[in-house]
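Chain A is the first sequence line, chain B the second, and so forth, proteins listed ahead of strands; every chain is numbered from 1.
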Amino acid sequence: MSGKDTFEPRIVAFLCNWCSYTAADLAGIARLKYPGNVRIIRVMCSGRVAPGFILKAFHEGADGVLVGGCHPGDCHYLEGNYKTLKRKLVMDRLLDQFGIEKDRFRLEWISGAEGEKLARVANEMTERVRRLGPLGRTRERLARADALELRNEGGAASG
Amino acid sequence: MAGPKIGVYLCHCGTNIADKVDMETVREYSAALPDVAVSRDYKYMCSEPGQDLIRADIRNCALDRIVVASCSPRMHEPTFKRACETGGLNPYLMEMANIREQCSWVTSEAAAATAKAKALVASAVRKARLLEPLEDKTVPVNPTTMVVGGGIAGLEAALKIADAGQKVYLVEKEPSIGGNMAKLDKTFPTLDCAACILTPKMVAVGQNPNITLLTCSEVEDVSGFVGNFKVRVRKRARYVDVSKCTGCGDCAKVCPVQTIDSFEEGMATRRAAYKFFAQAVPNVYQIDKRGWPACRAACPAGVNGGGYLALTAEGKYDEALALIRERMPFVGICSRICFHPCESDCRRQEVDQPVAINGVKRFLSDWEVKNNLTPAPPEGKKSGKSVAVVGSGPAGLSAAYYLLAMGHAVTVFEKDEKPGGLLRHAIPRYRLPEEVLDRELERLKTMGVKFRTGQELGRDFTLASLRKEGFNSVLLAIGAGSEVSLDVPGEDCPGVHTALSFLGAVSHGQAPPVGTGVIVIGGGNAAIDAARTAVRLGAKNVSVVYRRSRAEMPASIQEIEAAEREGVKFTFLASPVAVIGTGKVTGVKFVRNELSSDVDASGRRRPVPVPGSEYDVSADTVVVAIGQTVDLGSFDPKERQELAAGHRVKAGEWGETALKGVFAAGDFVTGPASFVEAVAGGRRAARAVDAFVRGQALPEPEFRMPAHEDPLDLSHYDASPRHQMPELDVAGRTRSFAEVEKGFGEAEARAEAARCLHCSICMECGECVRACEAVAVDHCQRDEVVELDVGAIVVATGYQQFDPTAGEQWGYGRYDDVLTGLQFERLSNASGPTQGRLLCKDGREPEAVAVLHCVGSRDKNYNEYCSRICCMTSVKFSHLVREKTRAKVYDLFMDMRTFGKQYEEFYNRVAAEENVYFIRGRGAEVLKDPKSGKLMVRVEDTLLGVLREIPVDMVILNPAMVPRADSQRVAQVFGIQKSADGFFLEYHIKLEPMKTATDGVFVAGTCQSPKDIPDTVAQGAGAAAEAMTLLLPGSVRISPMTGEVRESLCSGCHMCVLMCPYSAISMDEDKALAVVNEVLCRGCGTCSATCPSGAMRVRHFDNSQVLSQIEGVCAE
Amino acid sequence: MADKLKLALYWAASCGGCEIAVLDIDEKILKVAELADIYLWPVALDFKYKDVEALADGFLDVCLFNGAIRNSEQREIAELLRRKSKVMVAFGACACYGGIPSLANQFDRDQIFGRVYFDTPSTVNPGKVLPQTSYRVPEGELHLPTFYNAVYKLDDAVKVDYYLPGCPPPPSLIWTAVEAIVSGNLPPPGSVIAEEKAVCHFCTKRKDEKTVTAFRRVHEFIPDPEKCLLEQGIICSGPVTRGGCGERCLSANMPCRGCFGPTPEAIEQGANMLGAVATMVEGKDEQALAKALETVVDPLGTFYRFTLADSFLRLRNRSLTAREAERAGAAPAPKEVAS
């Protein structure tokens, strides 16, 4: 995936069923184009997106994670999006501590009518993450580290 | 244990998917995924043969999980769920991968699309491995439907459901059902009269026993879920009891208030008491009241200024006076001495100057005196109780008046020989002639109030003696008569007076000699009174010295200005430090002040002396007017202790004191305040005394409506300056104590009263109440909130017309005779403002008329969409103009879209009419030719390729249909989404045009998209069918995708409880476990995302399932 | 049982508290001596690695291994003891989840060495000397273990049979484990020897509405001992942490720090706690919320205090640290210089 010449970032998008997922359908119906690297997972509400999902996605090799919810006040479940926002505000700081750049995690309000916005956000985010470069799949990195440090005697030196 | 057996089904969707995605690669890939037993691709998986493939494999290969990779689950999830179910597999064991909308359609390159398709299939397969069978739950449904919006779509829906025998609530915001269609004249293509085809439906709705009609009503909140909604509806007060109103219209006949008629699109006026339109259903009147007028809200006593202005303007003086006396018994006094906060807040000043409200009141008083009328005393059934009122100032007199009116025997005690209190002693005669006061007192006596003068509390009688005498209650209104002293050396020097002693002496004809120089110290009304009195006593140099600046002066501005006109000088920012003189005042030593940067308790900046700035001013007389306090000397020590709190009298909101049965009012409670506040206090205390002597609890706080503060449309009002009240000239007035203000004449007073804007529409003048024989008018009606239980909701809230003032090019609002479509409909309508005659504003019949299509439609600057009805409406307008006038008609169109049944035929017919010219081109601009005065329409004739300027007399714009201004709020209340154009979003644009994202909420008519009447009616009926399909089975399947607590893991931390927007989670405190009410749960999963221990799961979107999906999408 | 239990105890990357905890079972230690023969316990008894190496594979019944894996020596001994033991127990938070030492995973080896050997104010190292894994002296070649780039939990190095969490594990739980081992009455391999339910379940403080306007820290005020600490604005990991610890912190009116690791179904301890804590905060708009949530100090350190080596991300993203270093124009990598 992380080819040396053309880095194709992988972006996992959690979209709420009622707004952003509908917007993704609309983007499709309108034949708007965005990179194939944006992979969508449907959840009923952006409030369903547990912080662990986001970390898991980075762990599995995502270079960016997008969460799409309804606009404030429009949440199908009244205020799930508001709860997502709260988590996002702390997540930003946690990810920073993990060395993960701000642009790799994005929360967007995309209504069911905003197919164009979905495509725009997908394009924009892919571009920004492409510029940031690969995050490095934590899972692979760990495997490498494990191989290097735990299994393979006499590998890394201390300095 | 063997894993599940998964079947993967890849749909080509014709070429939609297969053109971009290499289906064979994906099939091979998926076949190799763990637990996949079968992998097939097919041209149309959603077709019957496609579904049969799945069903056959479930049977033959013992598949227990299905993955379908095709279009969006929002499209075909139900289809494939059914396929599984009919194939013998639990439908929740099926998972979809969206490789069309999310993959083939949005990905440019085939390789990337194929890779993405693999990832999406991998994701679905991983989730499928963890799926578990779920059973739909069924819950009983409430068989009642609510239809929101009483336009033709709502009417149709309500009637269809009601005719099927089901109950319907029809909620309409306006006072009548009918909607926009009720405004139309003729309808295309048949030229049926709109009223002729609409009114029978309205009547049918009104009479249908299955339909409960709620007009003037709006839905505020919807909770619950499909089949079981709880709806909160606000029924706005219409101030007319619908069950009593006979629709006779007597109220409107007498209503003095004219206002803009919105039903007539602003082209006519109506009364504040009105019927929405002639054929309104329900056929009843209502009163358009938007709160209290600003004047009334500003008045401490709540005197209804707007009300008596309206009555005065109509010449109804008796009624006006009675209305005033409901809150202000002393019209003659009030109209002379009130500082009239009503005028300060009057909204007429938004146009020019405030109405001279108090001046009109003065006229009414003068008129009564001139005509020697003795107003009938207020009636009150005798209560047999007696009340002693101590003090005969404004508060005492006011209380006496209202207590008497309530039926009690009232005796007023006054220490002086003549009653009146400060009105007699302190208000100078030039402001309040003594005969005016005496007349009011005489009236009280005639009514039956007993006065005992020369009787002083503490000297001649005590509270105890009053009780012994048999009074049931005592009201203390003894004022704040103790004057504050300067506390400077020399203050007791002869020639130094307090304001009250000075004014009192003058009032009683014992004016002290003032010499030539008079200094008045203070900044209140008493100071001004003293200064103006001194002028009249012959003083040459009168100055008022105030310690702060002019801005902080408590005296009323009118009084200050009058004093200045009479030659009184003002000195600000100076305080006396000593009175100079031995045996006789010769001057005062002052120190200059600065204002502090901070403010004191009164919110004003404090004066701070400037050291070394002392200076002397010579004077013969000094009047000290720096305030009064309450004097409790006349009470025995025990009473004093109970009554007082520091320097103030302790009394409740109603004037109740710590002494049982003893009440207090006026300055005695408030400290020095205005006349009108004292009267208000007296009335309030009278109500409390009334309750006490009848053995009742204290009354509820009196209802005060908030002032109407919304912006006014001032374009309808012409400036007309305030009438100035005639006054004695300055030379004349400074030589005598004759009254300065002479009062308005009748013509001036009526003209002044007519300047009232009726800012809150209804002014509560009471004419309608008197006129209504059915006793249906009820001005005390309040908004009512009702809760309805319904199973389904049809939202049919309609559209509004695009406002062409948005673009200057159309000239709308700038030129007369540029009309909107709806204005033309009203003009053309036989029941409209011109009875159906097509006339220009100046009354002429037009000789040429232009009709413009696409005003605000198909225009990137406004709305990109086509409003669909305008072409046909325009053709209809062209025809109607020809039918009614001899005018030439120019119909300017971009494209002619006559798409409906008989539409093209209608167009051809009109096109063939004589003198109707169809020009292909957008009407670009409407101008006025300064020479001819005609309107000029500019258009590019795109068929001939020429620019034209067409002179016409009338322009009819056909504005776009746009979402209603409140559509955002409505969308949020009902959980409906909006499409990019702002109309309500249907679940599927073709297949589910009436369903919405919220189960059980349907849309119909023009709130969903612009459409004509036939389509609107069809959708209304369609929405009715949707509602009945939902409700008639008696129960509804609800999703089992709900939250669930794993009890062995729940630690009872409470974290999930507040997460649930539906209150579906509660705590079982005994077991310390969270409990999910699965009927209330809507499955959003926020609780699961919040649950720290992972005990809360949400079925079908469980943590493990989503985590495996993440692995899947990252796999490829 | 006829034979005495053959036991080894080992101390890898940890503070040593776990060793003390073993002694904290008080007089029962005598019973342990009665029941078991100890073959390795570097902190208390003088056995050598070679003694262990001499044992037959699988000779030992149980190894209680505390501490995380920070260097090659620890890995080597872990592998040795694994070979020699029938049952391997990850003893204490560090062995189970990486523990406090794994907070070092926010930095890589270069950063740590740079800090320790060059940057601390008390360091004087003009020759830029760094420890080497091998170094030749006249007497021959000396070897030091390799310092790993990250801290690992024990099961990253070897298969672990049971996990006994805690910082340190409470004596009662140690005794339960010892008894279970002695009696052979063991849970399925892979089990965590603690409760399934979270600490919250055992905490006696009153719980009510989980909303706060801001969080505070324990030094800022004295909380009401009767009331849930979270509801008083103190971040307490009770809801996400396995119970079984005896709630020692909570009974001292201190919040749970999470040393028992996540409950069995938590996605991960830190992320789950973050999600819960963030949603508790109320604020009228995004700005107000952001401000209120700033009171959650050091999210990583707070939520992953004991489990960073067990989290999805585990390590700071090194591509970034490399880029940061580039941007900062950091000194070239330190050369290997002999002392």
- By residue number, those in residues 81-88 of chain A with heavy atoms under 4.5 Å from heavy atoms of chain C are A:Tyr82, A:Lys83, A:Leu85, A:Lys86, A:Arg87

- Query: Given that the side chain runs from C-beta out, which part of C:Asp298 has a heavy atom under 4.5 Å from chain A: side chain, backbone, both or neither?
  - Reply: both

- Note on the structure: Here the gap from A:Leu89 atom CG to C:Glu286 atom CD, rounded to the nearest 0.5 Å, amounts to 5.5 Å

- On a heavy-atom basis, the closest approach of C:Ile267 and A:Ala50 is CD1-CB, 3.9 Å

- Among C:Asn272, C:Asn71, C:Leu144, C:Leu274, which has the most heavy-atom pairs under 4.5 Å with chain A? C:Leu274

- Item | Side-chain heavy atoms of A:Phe98 within contact of C:Tyr304, under 4.5 Å | yes

- Do other residues, nucleotides or ligands put more than 12 heavy atoms under 6.0 Å from A:Arg31 CZ? yes

- Task: Kindly give the heavy-atom pair with the smallest separation between C:Ala271 and A:Leu55, and that separation in Å.
- Result: CB-CD1, 3.7 Å

- Item | Residue C:Leu308 versus chain A: region with a heavy atom under 4.5 Å | side chain

- Tell me, yes or no, whether the heavy-atom count around C:Glu141 atom CD, taken from other residues, nucleotides or ligands under 6.0 Å, exceeds 12. yes

- Query: Are C:Val281 and A:Val90 close enough that some pair of their side-chain heavy atoms sits under 4.5 Å apart?
  - Reply: no

- Task: Write down the atom of C:Gly275, the atom of A:Pro51, and the distance for their closest heavy-atom approach.
- Result: CA-CG, 3.6 Å

- Message: Which residues pass the side-chain contact (heavy atoms from CB on, under 4.5 Å) test with C:Asn125, not counting sequence neighbours?
- Response: C:Tyr117, C:Phe118, C:Thr123, C:Val129

- Looking at CD of A:Gln97 and CG of C:Leu103, how far apart are the two atoms once the value is rounded to the nearest 0.5 Å? 10.0 Å

- Message: A side-chain contact here means heavy atoms from C-beta on lying under 4.5 Å apart; do A:Arg93 and C:Val296 qualify?
- Response: yes

- Could you check C:Leu300 against A:Asp96 for side-chain contact (heavy atoms from CB on, under 4.5 Å), going step by step and ending with a plain yes or no? CA-CA 9 Å; C:Leu300 190 148; A:Asp96 181 55; over 6 Å; no

